Amino acid sequence: MSNYFLGIDIGTSSVKAVVVDEEGTVVASAQRQYDILKPQLKYAEQDVEALWESTKLAIKEALAQKDGIAERIRAIGLSGQMHGLVLLDQRLKPVRNAIIWADQRSKKEIEQIYKIIPQEEYAKFTLNALSTGFLISSLMWVKQHETENFKRTFKVVLPKDYIRYRLCGEIGTDKSDASGTVIFDVAQRDWAWELIDKLGLAHNMFPVSRESYEVAGAVTVECERELGLKKGTPVVFGGGDTIMQLVGNGIIGPGILSSNIGTASQVSCALDQPLYDDKYRTNTFCHAREGLWTIMGACLSGGGTLKWLKDSVLMMKDYDEMMELAQNVPPGSEGLLFLPYLSGQRTPHNDPDAKGIFLGLTLKHSREHLIRSVMEGVVFALKDSLEVFERLGIKFERVIASGGGARGRLFLQIQADVFGKEIYRSMHDEQACIGAAITAAVGVGFYPCFEEACNHMVHLHPEVIVPNKENHEIYQERFEAYRKMYLCNRDLF
């Protein structure tokens, strides 16, 4: 009888629960949507209790799809949206809504942090520059603007950490997600206590941090009664979604690049040393185990730009229809360029004030041109990050596409043509959930290491998307114009 593992991904727009067997075959899956709350311009929040309610529904729905699933689940792993701030009081109840990664309110707090600790000194520990939406930036905003909420705060965690607490009753975080708070010593894999002291923050506010595969606790009696999970089932710490997505694609060592297009988009890869960009245009975080790190270039707008175009501009109902229309437009969108900075930008500009632009509009352009140019703009933003990687000497043998950008042939071909690289993809859609399940399997010793677990549980699609040389040349030319769009408009933003 096969053993099962449950992977839960707490995303920005939904939670997904996927049950896989020891060979990586999906046994059951469920998804529940939720919203980003935007009480003011530049704010982005979520009700973590609503996230927990959605998680419960997704787990119960997945368990109901086949008899006896819960009894065969050997362990549970979690993946989650990174960077966000969850404040908990002495009773471990949320003090306020979570301030998530897309939030842009803390620009002045970043300036204040750098007045206390010069940026060069700060980054020696964190290997990252501060950005709005990161836990420490948001925490300092709360300290400045919501004094009573700050006084009530006993612990600070990340969104998925709260969900894990509700499953097993233990508070903590993992080193991959903790490194994305940018108050973490990434090379030493521990909280940056010296920086915490200089910012006047209490040590006990920051929870214990462990490696992603370590066991955090076990499913509680309450969760057994409420969700149907078996009491005592081990729950591992899990990791940030970027890291769990890497694991779910089998990227647990150097030489393979991930191109992920979700709500936001990233390129990332695994490193055997904490390499970082000395201009801090990229992010360097801890990977899922000791002696392994990841470097990431992030664009804050990815598939979310297509959703904006569909819902708010074109008023269309179907992504498939959008893709069919876009296929009628040649590469380069007949001169139309799109800068996808609808939520500000992180790599390579780290500018929360950056905005989106359509450039080159003429009377000949129609909605299909808008769609394709948005897709091309998202991939150009990833290429911007990729060029930083290449200047750092990072080499890779293949590119694995994931997220929504791996589900449509046109998006895959645009990535191949823009990057000039062959594109691979997983047989499964939910790589972050698969990565969380793999991490759980390693954590309870079912597999002795990530390499063996991935050999069994990760399966790539046999079709490889090959770049078109002529299209690549077109995109090389258009990319040079794309790169100037931000620089020429920065002061106007």
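Worth saying up front: this structure is predicted, and the values here are computed from it rather than measured. One-based numbering along the sequence shown.
Under the 3.5 Å distance criterion, the side-chain polar atoms of His287 are left unmatched by any main-chain donor or acceptor of Thr294. The backbone N or O of Ala178 lies less than 3.5 Å from a partner atom in the side chain of Thr181, making a donor-acceptor pair. Remark: the backbone N or O of Pro340 is paired with a side-chain donor or acceptor of Ser301 at under 3.5 angstrom. Between the side chain of Thr263 and the backbone N or O of Gly304 there is no donor-acceptor pair closer than 3.5 Å. With hydrogens and angles ignored, the 3.5 Å screen pairs no side-chain donor or acceptor of Tyr475 with any backbone N or O of Gly420. Between the side chain of Tyr34 and the backbone N or O of Gly11 there is at least one donor-acceptor pair closer than 3.5 Å. Using modelled atom types, one side-chain atom of Thr439 and one backbone atom of Gly435 make a donor-acceptor pair closer than 3.5 Å. A donor-acceptor pair is defined here as one N or O able to donate and one able to accept, closer than 3.5 Å; such a pair exists between the side chain of His369 and the backbone of Ser366. Between the side chain of Asp35 and the backbone N or O of Leu37, no donor-acceptor pair lies under 3.5 Å. Checking side-chain atoms of Tyr114 against main-chain N and O of Tyr122 turns up no donor-acceptor pair under 3.5 Å.
For the pair Val236 and Gly77, the tightest heavy-atom approach, listed with the atom from each and the gap, is CG2-CA, 3.7 Å. Closest of all the heavy-atom pairs between Pro352 and Lys107 is CG-CD, 4.2 Å. Of all heavy-atom pairs spanning Ala98 and Val48, the tightest one is CB-CG1, 3.7 Å. Nearest approach of Val458 to Gly248, heavy atoms of both residues: CG2-O, 3.6 Å. Residues Lys160 and Gly238 approach most closely at CE-C, 4.0 Å, considering heavy atoms. Residue Leu88 comes nearest to Val95 through the heavy atom pair C-CG2, 3.8 Å, listed as atom of the first residue, atom of the second, then distance.
Taking a cutoff of 4.0 Å between a charged side-chain nitrogen and a carboxylate oxygen, Asp318 and Lys310 do not qualify as a salt bridge. A salt bridge links Glu463 with Arg425: the distance from a Lys NZ or Arg NE/NH1/NH2 to an Asp or Glu carboxylate oxygen falls below 4.0 Å. Salt-bridge check for Glu45 with Arg96: passed, with a basic side-chain N closer than 4.0 Å to an acidic carboxylate O. Ion pairing between Glu53 and Lys56 holds under the 4.0 Å rule for side-chain N and carboxylate O. Comment: Glu387 engages Arg483 in a salt bridge, judged by a side-chain N to carboxylate O separation of less than 4.0 angstrom. Arg281 has a carboxylate O that lies under 4.0 Å from a charged side-chain N of Asp277, or vice versa, which qualifies the two as a salt bridge. With salt bridges taken as basic N to acidic carboxylate O contacts below 4.0 Å, one links Glu376 and Arg372. A salt bridge links Asp103 and Arg105; the closest N-O separation between the charged side-chain nitrogens and carboxylate oxygens is under 4.0 Å.
Judged purely by distance below 3.5 Å, without hydrogens or angles, the side chains of Ser79 and Asp241 never pair a donor atom with an acceptor atom. Under 3.5 Å, the side chains of His365 and Glu334 contain no donor-acceptor pair of N or O atoms. A side-chain N or O of Ser14 and one of Gln31 form a donor-acceptor pair less than 3.5 Å apart. Looking at Lys175 and Ser209, their side chains do bring a donor and an acceptor atom within 3.5 Å of each other. Side-chain contact check for Ser176 and Asp174: at least one donor-acceptor pair (N or O, by modelled atom type) lies under 3.5 Å. A side-chain N or O of Thr173 and one of Asp161 form a donor-acceptor pair less than 3.5 Å apart. For the residue pair Ser258/Gln245, the side-chain donor-acceptor check at 3.5 Å is satisfied.
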- prompt: Do Arg490 and Asp351 pass the salt bridge (Lys or Arg N to Asp or Glu O under 4.0 Å) test, and can you show the C-alpha distance, the side-chain angles, and the key distance before you say yes or no?
  reply: CA-CA 9 Å; Arg490 177 171 48 194; Asp351 183 357; over 6 Å; no
- prompt: Where do Met323 and Ile371 land on the side chain to side chain contact (heavy atoms under 4.5 Å, CB included) test, with the steps shown first?
  reply: CA-CA 8 Å; Met323 297 304 103; Ile371 297 166; 4.3 Å; yes
- prompt: Would Thr132 and Gln104 satisfy side chain to side chain donor-acceptor pair (under 3.5 Å), going step by step from the backbone distance to the final call?
  reply: CA-CA 5 Å; Thr132 56; Gln104 298 173 12; 5.9 Å; no
- request: Decide yes or no on salt bridge (Lys or Arg N to Asp or Glu O under 4.0 Å) for Glu109 and Lys143, but give the supporting numbers first.
  value: CA-CA 10 Å; Glu109 282 64 40; Lys143 184 180 181 183; over 6 Å; no
query: Can you check side chain to side chain contact (heavy atoms under 4.5 Å, CB included) on Arg367 and Met316, steps first, answer last?
result: CA-CA 10 Å; Arg367 61 178 180 168; Met316 296 175 69; 4.0 Å; yes
- request: Test salt bridge (Lys or Arg N to Asp or Glu O under 4.0 Å) on Asp429 and Lys16 and set out the steps.
  value: CA-CA 11 Å; Asp429 288 338; Lys16 298 153 193 157; over 6 Å; no
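The aromatic rings of His83 and Phe285 sit tilted, their planes meeting at an angle between 30° and 60°. Ring-plane geometry between Phe338 and Phe358 is classed as tilted, the angle between the planes lying from 30 to 60 degrees on a 0 to 90 degree scale. Ring geometry, Tyr482 versus Phe380: the interplanar angle falls from 30° to 60°, so the pair is classed tilted.
Contact check for Cys286 versus Val186: side-chain heavy atoms found under the 4.5 Å cut-off. Proximity of Val20 to Thr25: side-chain heavy atoms (C-beta onward) are nowhere separated by under 4.5 Å. Put simply, the side chain of Val15 does not reach to within 4.5 Å of the side chain of Leu51, judged on heavy atoms. No side-chain heavy atom of Ile400 sits less than 4.5 Å from a side-chain heavy atom of Leu257.
Remark: Lys383 is not positioned above the aromatic ring of Phe419, lacking an NZ or CZ atom under 6.0 angstrom from the ring centre and at most 45 degrees off the axis. Relative to the ring axis of Phe206, Lys155 does not place its NZ or CZ within 45° and under 6.0 Å from the centre.
A distance of 12.5 Å separates CD1 in Ile414 from CG in Asn468, rounded to the nearest 0.5 Å. Of the inter-residue distances, the one linking Thr282 atom OG1 with Ile295 atom CD1 reads 3.5 Å to the nearest 0.5 angstrom. Rounded to the nearest 0.5 angstrom, Gln327 CD and Arg409 CZ are separated by 9.5 Å. Separation of atoms CG (Leu85) and OG (Ser138) is listed at 5.5 Å; rounding is to 0.5 Å. If you take CG on Leu386 and SG on Cys269, they are separated by 9.5 Å, rounding to the nearest 0.5 Å. Here CG of Leu78 is found 9.0 Å from CG of Asp9. Values are rounded to the nearest 0.5 Å.
Here the two rings, on His349 and Tyr486, have centers that are under 6.0 Å apart.
Heavy-atom neighbours of Gln33 CD from other residues, nucleotides or ligands within 6.0 Å: above the threshold of 12. Within 6.0 Å of NZ in Lys355 there are more than 12 heavy atoms belonging to other residues, nucleotides or ligands.
Looking at residues two or more places apart in sequence or on another chain, you find a side chain to side chain donor-acceptor pair (under 3.5 Å) between Asn260 and Gln266, Ser402.
The salt bridge (Lys or Arg N to Asp or Glu O under 4.0 Å) contacts involving residues 414-424 comprise nothing, where partners must be two or more places apart or lie in separate chains.
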